[in-house]
Amino acid sequence: AVPAGYGESVADAVMEAGREHGICAYGVEALNVMRIEKGHVTHAELDGRTTADDVGLGKLVSQTKADFVGKRMLDRYGIKAADRPQLVGLTPVDAKAEFKAGAHILRIGASPSTQQDQGWVSSVCYSPSLGHMIALAFVKSGRERMGEKVLVWDQLRGIETEAVIGSTAFFDPENKKLNG
């Protein structure tokens, strides 16, 4: 943090210092694409209905602390339900296909209806790194369904796209690029 009057000179100095490393400025949309490519969650996934386990962070919840805010709620039946929606990644079967946030997830062959609902798409973007759309979605028992084909159904926009359930880390899942 710097006083506003120094913002431009600090930005110029950062860009100069990073020139030899190929530094470039990016906007909020680029940041959003990068966070979806890496499977990082934001407000779209953390909406007050999700738990740490739902978004794949269950190991961060202490099993040894006697008490903490929210611990009692983690023992409720609905929170422990086997078919609770879990965060997964979605990749379209057809690289040219699209889907939108808010679309529903259905099993292949199920008649499109909310009664057949298996989950929803929380975040979606086109990944320039991968050359196709990618999405984060909450799917019932999602982590047990890796590799399963599903139908991404968007009745409002008239879009139906087959997709494959997979990891939330679409780009560099081993983090090899993290340290150059």
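Bear in mind that the values here come from a model prediction, so they are computed numbers and not experimental data.
- In this structure, Lys149 places its NZ atom where only 12 or fewer heavy-atom neighbours from other residues, nucleotides or ligands lie under 6.0 Å away.
- Under a hydrophobic clustering in which Ile, Leu, Val, Met, Phe, Trp and Tyr are joined whenever their side-chain heavy atoms come within less than 4.5 Å, directly or via other members, Phe138 and Leu57 fall into the same cluster.
- The shortest distance between side-chain heavy atoms of Phe170 and Ser129 does not fall below 4.5 Å.
- Taking both residues in full, the closest heavy atoms of Asp154 and Ala103 are given as CB-CB, 3.9 Å, listed atom of the first, atom of the second, then distance.
- Side-chain polar atoms of Thr50 and Glu45 form no donor-acceptor pair below 3.5 angstrom.
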Evaluate the side-chain contact (heavy atoms from CB on, under 4.5 Å) criterion for residues Val33 and Tyr126: first the C-alpha distance (whole Å), next the side-chain angles of each, then the deciding distance (0.1 Å), finally the verdict.
-> CA-CA 7 Å; Val33 169; Tyr126 175 81; over 6 Å; no
Show your reasoning for whether side-chain contact (heavy atoms from CB on, under 4.5 Å) applies to Ser122 and Val41.
-> CA-CA 10 Å; Ser122 58; Val41 296; over 6 Å; no
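- Between the side chain of Lys65 and the backbone N or O of Lys71 there is no donor-acceptor pair closer than 3.5 Å.
- Taking both residues in full, the closest heavy atoms of Arg35 and Ser123 are given as NH2-OG, 2.7 Å, listed atom of the first, atom of the second, then distance.
- Of the inter-residue distances, the one linking Thr42 atom OG1 with Ile36 atom CD1 reads 7.5 Å to the nearest 0.5 angstrom.
- Look at Asp117 and Lys140 and you find no salt bridge, because none of the NZ, NE, NH1 or NH2 atoms lies under 4.0 Å from a carboxylate O.
- Without hydrogens or angle criteria, Thr168 side chain to Leu136 main chain gives no donor-acceptor distance under 3.5 Å.
- The closest donor-acceptor contact from the side chain of Glu160 to the backbone of Gly158 lies at 3.5 Å or more, if one exists at all.
- Side-chain contact between Tyr26 and Met34 is present, with heavy atoms from C-beta onward closer than 4.5 Å.
- Within a 6.0 Å sphere centred on CZ of Phe68, other residues, nucleotides and ligands contribute more than 12 heavy atoms.
- Rounded to the nearest 0.5 angstrom, Ser111 OG and Leu106 CG are separated by 8.0 Å.
- Here salt bridge (Lys or Arg N to Asp or Glu O under 4.0 Å) pairs that include residues 94-109, with residues two or more places apart or in two chains, are Arg107-Glu148.
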Which is it for His40 and Leu31 under the side-chain contact (heavy atoms from CB on, under 4.5 Å) test, yes or no, and what are the steps along the way?
-> CA-CA 11 Å; His40 294 288; Leu31 183 62; over 6 Å; no
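- Here NE2 of His132 is found 6.5 Å from OG of Ser127. Values are rounded to the nearest 0.5 Å.
- Two residues are said to be in side-chain contact when any heavy atoms from C-beta on lie closer than 4.5 Å; Lys38 and Asp172 meet this criterion.
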Starting from the C-alpha separation in whole Å, work towards a yes-or-no answer on side-chain contact (heavy atoms from CB on, under 4.5 Å) for Val150 and Val139.
-> CA-CA 10 Å; Val150 292; Val139 177; 5.5 Å; no
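- Taking CD of Gln118 as the start and CG of Leu151 as the end, the distance is 11.5 Å to the nearest 0.5 Å.
- Under a hydrophobic-cluster definition in which Ile, Leu, Val, Met, Phe, Trp and Tyr are linked whenever side-chain heavy atoms come within less than 4.5 Å, directly or via other members, Leu46 and Leu87 are assigned to the same cluster.
- Ile108 and Val164 fall into different hydrophobic clusters, where Ile, Leu, Val, Met, Phe, Trp and Tyr side chains are chained together by heavy-atom contacts under 4.5 Å.
- Residues Val152 and Ala163 approach most closely at CG2-CB, 3.8 Å, considering heavy atoms.
- Scanning all heavy atoms of the two residues, the minimum distance from Glu144 to Gln86 falls at N-OE1, 4.4 Å.
- Across all their heavy atoms, Trp120 and Ile105 have their closest contact at N-CG1, 3.7 Å.
- Atom CE of residue Met15 and atom SG of residue Cys24 lie 6.5 Å apart, to the nearest 0.5 angstrom.
- Counting non-hydrogen atoms of neighbouring residues, nucleotides and ligands closer than 6.0 angstrom, the CD atom of Glu8 reaches no more than 12 such neighbours.
- For the pair Ile79/Asp75, no side-chain contact is recorded, criterion being any heavy-atom separation below 4.5 Å from C-beta on.
- Separating the CD1 atom in Ile134 from the CG atom in Leu90 is a distance of 10.5 Å, to the nearest 0.5 Å.
- In the displayed structure, Gln155 atom CD is contacted under 6.0 Å by at most 12 heavy atoms of other residues, nucleotides or ligands.
- The heavy-atom pair separating Phe99 from Ala135 by the smallest distance is CE1-CB, 3.3 Å.
- No continuous path of hydrophobic side-chain contacts links Val121 to Ile159 [ILVMFWY only; heavy atoms under 4.5 Å].
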What's the verdict on side chain to side chain donor-acceptor pair (under 3.5 Å) for Ser9 and Asp12, showing C-alpha distance, side-chain angles and the deciding distance?
-> CA-CA 5 Å; Ser9 61; Asp12 290 344; over 6 Å; no
